[in-house]
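Just so it is clear, the values below take in all heavy atoms, side chains as well, and ignore hydrogens, waters and symmetry mates. Here is how names work: the chains are called A, B, and so on, in the same order as the sequence lines, proteins then strands, and each is numbered from 1. Because the structure is predicted, anything quoted here is derived from the model rather than measured.
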2 protein chains.
Amino acid sequence: MLYAGFMSATLPPFPRPPQEPVDEPELLQLGSPEDSPCLRADAARNRARLLDAASRLIAEHGVAGVTMEAVAAAAQVGKGTVFRRFGDRTGLLMALLDHSSRTLQADFMGGPPPLGPGAPADERLRAFGVAVLYRLVEQLDLHLAAQSDPTRRFAHPSYRALHTHVTILLRQIAPDADCELLAQPLLSYLDPALIHHLVRQCGMPMERLEAGWVDLVSRVTGTAPSC
Amino acid sequence: MLYAGFMSATLPPFPRPPQEPVDEPELLQLGSPEDSPCLRADAARNRARLLDAASRLIAEHGVAGVTMEAVAAAAQVGKGTVFRRFGDRTGLLMALLDHSSRTLQADFMGGPPPLGPGAPADERLRAFGVAVLYRLVEQLDLHLAAQSDPTRRFAHPSYRALHTHVTILLRQIAPDADCELLAQPLLSYLDPALIHHLVRQCGMPMERLEAGWVDLVSRVTGTAPSC
DNA sequence: ACTTTAAACGGACCTCGGTCCGGATCGTAA
DNA sequence: TTACGATCCGGACCGAGGTCCGTTTAAAGT
């Protein structure tokens, strides 16, 4: 029963309302993992089963093996149930990533410096990038597969959380800049697809990516690394 | 008979060889539009028909209306033909963009300054971003839909061409930096998906995006705009 | 315990991208 | 002009994501 309490947001009944912004977990506040709409008992049980089944499938056949039908079958549940719970394949994969996502967020919002508060903002930013970088490569395939259609990528709460954090740090360093906008190219450097390209297709070593991040931060913020 | 000579590269027969890097149009050299493998007469005719049909469908039903079957039907051609010619849906859409792609490339490689050679590198870079920005918004939906799966985005020749250009400019400005890497966040700022998000979802005006680009270039290169 | 109702369930069904392969066609060389 | 091989064509076929709706069930109220 892994993944018991992930991504506790529920989706609207079934015929989802056309465009209404689905109520997503408030990642920005580290919402307690077990909160909110409180699923019905059977729904919660199935949800856990599904996540469990999915991660088992990944372990056995890779992300490509995570077919909605396969997951449903492995969890001994109807296909419709998978979609009702997670909306679509992307939603399911995101839910799988939710745990590490929350962990990272906790680290940079409340953990020890230099990632957490206490260190100078530019150092925190450098640490942030490196942390994200390593989190990504750890589960690169999953992150790649979880990239929803380009239309929703930037609007997704998990991206927004990162964006907000970077924006806030930037504001502490360069109060006069358009930090909200400036945060975007920084975050883009941490795009799973880019990492995939650089590491797997171009064969770059992680050290170079790391150095690239540090250099980027220095240039964008006009600061210099401490060490 | 619009689009007669776009993207003249042919794909291998049909059962495409597994992973062999399909011979793509050498965008980096502004290959003449009418070059290369020279399709058989009927193939060329169908190719033109298909592109024509596709652009007609877009005009009538938007990009979403461009179904492979719909295109085939509209061009009075078998479905298999579409796939043989363009590989997949992404390939078809890219082919539609090929024209403006080549135009832009010609402009920044051989056109008048500040886009083309003659102006200082940092000014060229600023002009480049603005040009790309406006090219994107002009056909944003098409660009969005043409985004292939994340795995191939950065490897595609049309991206490589932009990347190479930016890298070269950067090297003229900051010879000691890791320009190849530094070019990535700059290009990411010009990602259709990001533009879409900022303009349509956040409602930012183009002026702000433009200013953001100029500022980004200044910070990354450590230069200041001339005017 | 019994009723009630909103929520969850399941799996048939639809669409669309992508593949396959027997048959038609083009271009060429004799 | 004819014959031949490479290339192309077409549409049946498959798998996977996503939807629908009649049925079941948890849980709150009486």
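For the pair B/Lys79 and A/Val66, nearest-nucleotide mapping onto DNA chain D gives the more 5' position to B/Lys79. Mapped onto DNA chain C by nearest heavy atom, B/Thr67 and A/Gln76 fall at different nucleotides, with A/Gln76 at the one closer to the 5' end. Nearest-nucleotide positions on DNA chain D for B/Asn46 and B/Glu69 put B/Asn46 closer to the 5' end.
Rounded to whole Å, atom P of C/dA8 lies 16 Å from atom CZ of A/Arg49. Going from atom CG of A/Leu50 over to atom C1' of C/dG10 covers 13 Å, rounded to whole Å. Nucleotide D/dG18 holds its P atom 14 Å from the CZ atom of A/Phe86, rounded to whole Å. Per the geometry, CZ belonging to A/Phe83 stands 17 Å off P belonging to C/dA8, to the nearest Å. Atom CE in B/Met68 sits roughly 16 Å away from atom P in D/dG11 (whole-Å rounding). One can place CG of A/Asp88 at 5 Å from P of D/dG18, the figure rounded to the nearest angstrom. Note: CG (B/Leu93) to C1' (C/dC16) measures 14 Å, nearest angstrom.
Using a distance-only test at 3.5 Å, with no hydrogens or angles considered, no donor-acceptor pair links the side chain of B/Tyr159 to the main chain of B/Arg152. With A/His165 contributing its side chain and A/Leu125 its backbone, the two residues share no donor-acceptor pair below 3.5 Å. Side-chain N or O atoms of A/Ser101 include none that pairs as donor or acceptor with a backbone N or O of A/Leu97 at under 3.5 Å. At distances below 3.5 Å, at least one donor-acceptor pair connects side-chain atoms of B/Tyr189 with backbone N or O atoms of B/Leu209.
For B/Arg85, the side-chain atoms get nearest to D/dC8 when compared with the rest of D/dC8, C/dG17, D/dG10.
One finds a side-chain N or O of B/Thr81 lying less than 4.0 angstrom from the OP1 or OP2 phosphate oxygen of D/dG10. Of the side-chain N and O atoms in A/Arg84, one or more sit less than 4.0 angstrom from OP1 or OP2 of C/dC9.
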So if I define the base as every atom that isn't primed, P, OP1 or OP2, how would nucleotides 23-30 of chain D read as a B/S/- string at a heavy-atom cutoff under 4.0 Å? --BSS---
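In summary, A/Asp191 and B/Arg153 engage in a salt bridge, as defined by a charged side-chain N under 4.0 Å from a carboxylate O.
Partner of A/Phe128 under the side-chain contact (heavy atoms from CB on, under 4.5 Å) criterion, out of A/Leu133, A/Val166, A/Val217: A/Val166 alone.
Heavy atoms only, all atoms of each residue included: A/Ala193 and A/Gln147 are closest at N-NE2, 4.1 Å.
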